[in-house]
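Data block below; observations after.
Just the heavy atoms: all of them, side chains too, but no hydrogens, waters or symmetry mates, feed the values below. Chain identifiers are assigned alphabetically (A, B, ...) following the order of the sequence lines, protein sequences preceding nucleic acid strands; residue numbering begins at 1 within each chain.
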There are 2 protein chains.
Amino acid sequence: MESTLHRIRANYGKLGPSEKKIADYILKNEQQVTSLPINELAVLSGSTAATIVRFSRRLGFKGFTDLRIGLAGEIISTSSINSKITKNDSCFEIFNKRINDISVSLWNTESVLDPKQLELATKSIMKANRIVIFGLGNSAAIAQDAAHKFLRLGLNAQACTDNHLQAIIASHLDRNSVAIGISHSGESTDIIDALQLSKIGNATTVCITNYANSPIVSNSDICLFTKSDETSHSILAMSSRIAQLAIFDAIYTYIVLHADKASINAIYNTETALKSKKTAGR
Amino acid sequence: MESTLHRIRANYGKLGPSEKKIADYILKNEQQVTSLPINELAVLSGSTAATIVRFSRRLGFKGFTDLRIGLAGEIISTSSINSKITKNDSCFEIFNKRINDISVSLWNTESVLDPKQLELATKSIMKANRIVIFGLGNSAAIAQDAAHKFLRLGLNAQACTDNHLQAIIASHLDRNSVAIGISHSGESTDIIDALQLSKIGNATTVCITNYANSPIVSNSDICLFTKSDETSHSILAMSSRIAQLAIFDAIYTYIVLHADKASINAIYNTETALKSKKTAGR
DNA sequence: AAATAATGAAAATAATTTTCACCAGGAGGT
DNA sequence: ACCTCCTGGTGAAAATTATTTTCATTATTT
């Protein structure tokens, strides 16, 4: 079952003029439409109730009510996000608001992440002889997590979270290497330096950042963007980091699915090796 | 504006018996209710339309229709996004399904995480002289991330992700220490051993796990549960790890908000120290 | 036993869907 | 070119369905 907004866009061409007006109004006022009676929507969109019903049917819904529910289900409840964390919040309330932030940030990232760039990054990683992931401070954990994932796949991956080692490692990369730099702000000088050094040896450089106009972007062959507001108390850009994690996870999963025999064995062996660490299988 | 399901739970006590039946039915059949006429819901829940409307009003909605929209908006469309990842999916499609999984898992965790235990854990961490976080394999990155957060707060925190060191460190903890063990399965023997050793010195033990009936639970003073299905290709329990991250983030944020002068200075100093690593301030 | 709260049946209202008549534009025949 | 006969889109109004309100009844409490 496809998403509501998608269905509207996909069928836009086949719509009649009056139906187009309805589609336009809905696309412009997603949120509002979820709590609008059909007759009001008819007036607001310059159409009639009957046409709205036909419109809904044409898109594959049972009727307007059905479409509306679909719409509500897919709109990141812009209204309900009052994620301001205050000092009076209990720890649990904070958790609550946090996960809301994270969800929003993930779905926002989905809208700024370029599928093409993501695919390029993935393919580069699959083909690389060596993968180095640079991340400092907040991003160090992400880098390590990513390296861990790739190692499981039998890839020659390595996290580099030490700014002394970074320069050394970066300068030894060659054209068959991929250097991935993670920096939320896109301004971490050490990471940028590492990518520049990597470029000297003709490694493919990939960055993951939140800011499209940051210096790291101009030093990267492939750019993967996250999107998170990081308004509140996040000195630690929590939600953007989750977005970063999700990106690596998608890459990892893709590679798992397209792995050849050898890689699958690598995964299998890892699992077997870890089994002995558990008291029982789950 | 609070979430629909929460409002139902929060006001559950104040409901009449018939309204409770409605609440029960909605909580058990969230998804279905979004596309159910009020009269059918009345029959299914063993109540009447009038009571449902009253019930909706009492929860702060304009009427049943309003409640239903709220519900639809907050149910991570379990049905619509069929998160089955297939080999034909592009990397971006995988990303898409992944973030859906993560969202679902986060909101599920919100429903199993005990606010009391979370608060206990937080308070223990705030008061501790020493905090050690044990995590191996998948969980190592989480442990490091958490330690990193606490360090920024000026807390004496340390991640221990090496199973040789774990035993050594654990056996040196005392009653003013907090030992936190992270294990998705709750069965990682090394982590359980570490917590047991920690307990000998009377440290407070905290676990984070997905399984309430796992051995780690009986070796912990405080238990924090995540909930994620981890159906698909997740050898790496991705979404539960995000839930773990979110838990630590909530704890961290709470402590930030309740930090005394000294701690705030610690944060400030950290930020200042890091400034020099950036080409410009963001 | 009176007051209060909760409930359901039925009436009233509101929203949605269906029906139907109309119109515009196109295809094919004269 | 002109006339039909279609077709598909549209809106007005009727029919249906859903929701909300009213009100009488039944529990529960004081």
Side-chain angles (χ1 to χ4, degrees), chain A residues 4 7-75, chain B residues 4 7-75:
Chain A
T4 311
R7 282 196 246 178
I8 296 177
R9 293 201 196 91
N11 294 305
Y12 194 83
K14 301 176 202 155
L15 300 175
S18 197
E19 290 179 322
K20 279 205 174 81
K21 286 195 283 182
I22 297 166
D24 291 339
Y25 192 87
I26 295 178
L27 292 173
K28 277 216 166 189
N29 307 69
E30 308 169 359
Q31 177 68 36
Q32 188 199 14
V33 173
T34 59
S35 50
L36 218 53
I38 194 171
N39 282 309
E40 296 202 31
L41 175 59
V43 175
L44 286 168
S45 65
S47 171
T48 58
T51 305
I52 293 176
V53 173
R54 270 189 299 267
F55 168 79
S56 307
R57 293 266 163 78
R58 195 198 289 268
L59 262 44
F61 294 96
K62 251 177 54 198
F64 174 61
T65 312
D66 194 27
L67 179 148
R68 181 163 48 196
I69 291 293
L71 204 56
E74 114 186 30
I75 285 168
Chain B
T4 310
R7 282 197 244 178
I8 296 176
R9 293 202 197 92
N11 295 306
Y12 193 83
K14 300 176 202 154
L15 301 175
S18 197
E19 290 178 322
K20 280 203 174 83
K21 286 195 284 183
I22 298 166
D24 291 338
Y25 191 87
I26 294 178
L27 291 173
K28 277 216 166 186
N29 306 70
E30 310 168 0
Q31 178 68 36
Q32 187 199 15
V33 173
T34 59
S35 50
L36 218 52
I38 194 170
N39 282 308
E40 295 202 32
L41 175 58
V43 175
L44 286 168
S45 65
S47 172
T48 57
T51 306
I52 293 177
V53 173
R54 271 190 298 267
F55 167 80
S56 307
R57 294 266 162 78
R58 195 198 289 268
L59 264 43
F61 294 97
K62 251 177 54 199
F64 174 62
T65 312
D66 194 27
L67 179 148
R68 181 163 47 196
I69 290 293
L71 204 56
E74 118 186 28
I75 288 170

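Remark: C1' of D:dA18 and CG of B:Leu36 are 12 Å apart, rounded to the nearest angstrom. Separating the CD1 atom of B:Ile52 from the P atom of C:dA9 is a distance of 13 Å, rounded to the nearest angstrom. Between the P atom of C:dA6 and the CG atom of B:Asn11 lies a distance of 13 Å, rounded to the nearest Å. For the pair A:Arg68 CZ and C:dT17 C1', the computed distance is 13 Å after rounding to whole Å. The distance from atom CG of A:Leu67 to atom C1' of C:dT17 is 15 Å, rounded to the nearest whole Å. Between A:Ile69 atom CD1 and C:dT16 atom C1' the separation is 14 Å, expressed in whole Å. Protein atom NZ of A:Lys62 is 18 Å distant from nucleotide atom P of D:dT16, rounded to whole Å. Distance B:Asn39 CG to D:dT20 C1': 11 Å, rounded to the nearest Å.
Every side chain to side chain contact (heavy atoms under 4.5 Å, CB included) that A:Asp24 has, sequence neighbours left out, goes to A:Tyr12. In this view, B:Asn39 and B:Ala49 satisfy the side chain to side chain contact (heavy atoms under 4.5 Å, CB included) rule, not counting sequence neighbours. In terms of the side chain to side chain donor-acceptor pair (under 3.5 Å) criterion, residue partners of B:Lys14 (sequence neighbours excluded) are, by chain and number, B:Asn11. With sequence neighbours left out, the side chain to side chain contact (heavy atoms under 4.5 Å, CB included) criterion links B:Thr48 to B:Ala50, B:Thr51.
Of all nucleotides present, only D:dA24 satisfies the Watson-Crick or G-U wobble test against C:dT7, with each distance under 3.5 Å.
Sorted by first then second residue, the salt bridge (charged side-chain N to carboxylate O under 4.0 Å, His left out) pairs that include residues 35-63 of chain A, not counting sequence neighbours, are A:Glu19-A:Arg58.
Here the CG-CD1 distance, from A:Leu71 to A:Ile8, works out to 6.0 Å after rounding to the nearest 0.5 Å.
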| note | Scoring nucleotides 10-15 of chain D by protein non-hydrogen atoms under 4.0 Å (B base, S sugar-phosphate only, - none) yields BBB---
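Here the nucleotide nearest the side chain of B:Pro37, chosen from C:dT17, D:dA18, D:dT20, is D:dA18.
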